[in-house]
There are 2 protein chains.
Amino acid sequence: MVLPRAAKTQRRTRIQEEKEERILEAALEVFSASGFRGSTIDQIAEVAGMSKPNLLYYFRTKEAMHRALIDRVLDTWLDPLREFNAEGNPVAEIRSYIRRKLEMARDFPRESRLFANEVLQGAPHIEDELKGPLKQLVDEKAEVIQAWAKAGKIAKCDPYHLIFAIWSTTQHYADFDVQVRAVLGQEQAGDGRFEDAARFLERLFVDGLQVRE
Amino acid sequence: MVLPRAAKTQRRTRIQEEKEERILEAALEVFSASGFRGSTIDQIAEVAGMSKPNLLYYFRTKEAMHRALIDRVLDTWLDPLREFNAEGNPVAEIRSYIRRKLEMARDFPRESRLFANEVLQGAPHIEDELKGPLKQLVDEKAEVIQAWAKAGKIAKCDPYHLIFAIWSTTQHYADFDVQVRAVLGQEQAGDGRFEDAARFLERLFVDGLQVRE
DNA sequence: TGATAATTTGACCGGTTGGTAAACATTACA
DNA sequence: TGTAATGTTTACCAACCGGTCAAATTATCA
């Protein structure tokens, strides 16, 4: 038989899982570095160590590869926000959210850049996710923050812009890594900048959101 | 004579200035929306209302167009930071820097996205600018901030990460505009989000940097 | 083992891309 | 006005792009 594309089979073979994994890993590498339009199937094939038609055996089109990648990464990416807990101590919650987002910027910069590329270029492939699941999740957490503010546990502030501020400051260290390194000077080898950033940001947000008389 | 490309002539004719202007305007439109690799000369030509070979008469290559654009925009882009004044009132200086950066995000989002695209994809074309002029300027302003902190005028903090935080939070409204709109819901027509952001960010940074006993 | 299905590859296709060559049109200026 | 320099266009090219196809190879399992 010729055409029963991998996706159509009910049971996924060992080979299918392995190869799709390898392809998506390579796709992440390439898409995150060049964006969708700037990436080519050949590049991904080379990184994956497979032939181009072989990739297209597992994913019919470049778009399909991109979509599969987005779907797989998006959930993980939103996990830190999901853990935001209404019952917790507000300051501790915000502090740990910042910390987790910074850790993700450090440990999964490619995932961050994948979304950054996508959103930056108008989010042509993830508009629905933004207006649907993402908005819903943010709305929910914004209410939590609002409640904290009303209860006097943190300063009154626009919860949406607070979330934007945390997103932007933390993801900055993944998305604009080259710039950060250039400005700091690359003398320092390790991940020191992440610890410095954590210290600074935790302080900024905690003090900035403190209730003051 | 056939080849004395526009660039080589000593005097720039009226036509040259007009056309180069139109081309760079179109290039800004296209490059900022799709990044370097994702943009095509044809797209730029169409936006500029000229033929492709005509563009290539004024800029020999796609790279040359991109470089000319970057060179032109970079200076303007760094102006707000340059205005940062050591003699001024620290809180007022920081507040007005945030305000100016937000205004630029609102009024010149394409310029912001141009750089974001470039840096995000590893800054292959502006590495020198980052490590040279940009770093130098930031170093200078970081010293100013450091001095303020030592003088007890603002809380002690890492000046570099403070600058990163201001950059990221403000540019976020240009670079991630689609996401911001999606999350806020596009009911609100105007630029209200910029005013809300200004209120939030000024408060965050001012309170966050206040000296506290 | 053998047959059947799953996987992989090389050759290829039409469309797009950055860029060129040369003819043609327009402008500047003596 | 005439002519040389400047500006514009049409036709074109080689390389690259996303994707197809049929043949070849490998894995699965009765």
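Order of the sequence lines sets the chain letters (A, B, ...), proteins ahead of strands, with each chain counted from 1. The structure displayed is predicted, hence computed values, not measured ones.
Residue T40(B) has its side chain nearest to dG18(C) when only dG19(C), dG18(C), dT8(C) are considered.
Rounded to whole Å, atom C1' of dC16(D) lies 14 Å from atom CZ of R37(A). Rounded to a whole Å, the CD atom of E17(B) is 13 Å from the P atom of dA28(C). What separates CG of L56(B) from P of dT10(D) is a distance of 15 Å, to the nearest Å. Atom CD in Q43(B) sits about 11 Å away from atom C1' in dT17(C), given to the nearest Å. Atom-to-atom, CD of E46(A) to P of dC17(D) comes out at 11 Å; the value is rounded to the nearest Å. As rounded to whole Å, 11 Å separates atom P of dG19(C) from atom CD1 of I44(B). Atom CD in E20(A) sits roughly 11 Å away from atom P in dT8(C) (whole-Å rounding). In this entry the distance linking CD1 of I41(A) with P of dT16(C) reads 16 Å, nearest Å.
Using a 4.0 Å cut-off between a side-chain N of Lys or Arg and a carboxylate O of Asp or Glu, D158(A) and R203(B) do not qualify as a salt bridge. Ion pairing between E21(B) and R72(B) holds under the 4.0 Å rule for side-chain N and carboxylate O. The pair K52(A)-D42(A) meets the salt-bridge criterion, since a charged nitrogen lies less than 4.0 angstrom from a carboxylate oxygen. With salt bridges taken as basic N to acidic carboxylate O contacts below 4.0 Å, one links R199(B) and D196(B).
Residue Q16(A) places none of its side-chain N or O atoms closer than 4.0 Å to OP1 or OP2 of dA6(C). Side-chain N/O atoms of Y58(B) include one lying less than 4.0 angstrom from OP1 or OP2 on dT8(D).
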Could you list the donor-acceptor pairs under 3.5 angstrom formed between side-chain atoms of residues 125-133 of chain B and any protein atom two or more places apart in sequence or on another chain?
residue : atom : partner : partner atom : Å
H125(B) : ND1  : E118(B) : OE2          : 2.9
E127(B) : OE2  : K131(B) : NZ           : 3.0
E129(B) : OE2  : R67(B)  : NH1          : 3.3

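Evaluation of the side chain to side chain contact (heavy atoms under 4.5 Å, CB included) rule for V138(A) yields L81(A), L134(A), Y160(A), I163(A), W167(A), V183(B) as partners, not counting sequence neighbours. Under the ring-ring contact (aromatic ring centres under 6.0 Å, His included) criterion, F84(B) pairs with Y97(B), W148(B), sequence neighbours left out.
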Distances for protein N/O vs nucleotides 9-13 of chain C N/O pairs under 3.5 angstrom?
residue : atom : partner : partner atom : Å
dT9(C)  : OP2  : S51(A)  : OG           : 3.1
dT9(C)  : OP2  : N54(A)  : ND2          : 3.4

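Residue-environment remark: CD (Q136(B)) stays at or below the threshold of 12 foreign heavy atoms within 6.0 Å.
Ring-plane geometry between H66(B) and F36(B) is classed as perpendicular, the angle between the planes exceeding 60 degrees on a 0 to 90 degree scale with a lower cut at 30. The aromatic rings of Y173(A) and F164(B) stand perpendicular to each other, their planes meeting at an angle above 60°, with 30° marking the opposite boundary.
Over its full length, the helix from dT1(C)-dA30(D) to dA30(C)-dT1(D) turns its helical axis through 10°, comparing axes from the five pairs at each end and rounding to 10°.
Looking at residues 61-71 of chain A, you'll see T61(A), K62(A) sit with a heavy atom under 4.0 Å from some atom of DNA chain D.
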* Evaluate the criterion ring pair (Phe, Tyr, Trp, His ring centres under 6.0 Å) for residue pair F194(B) and H161(A); output intermediate values, then yes/no. => CA-CA 10 Å; F194(B) 286 99; H161(A) 292 281; 9.2 Å; no
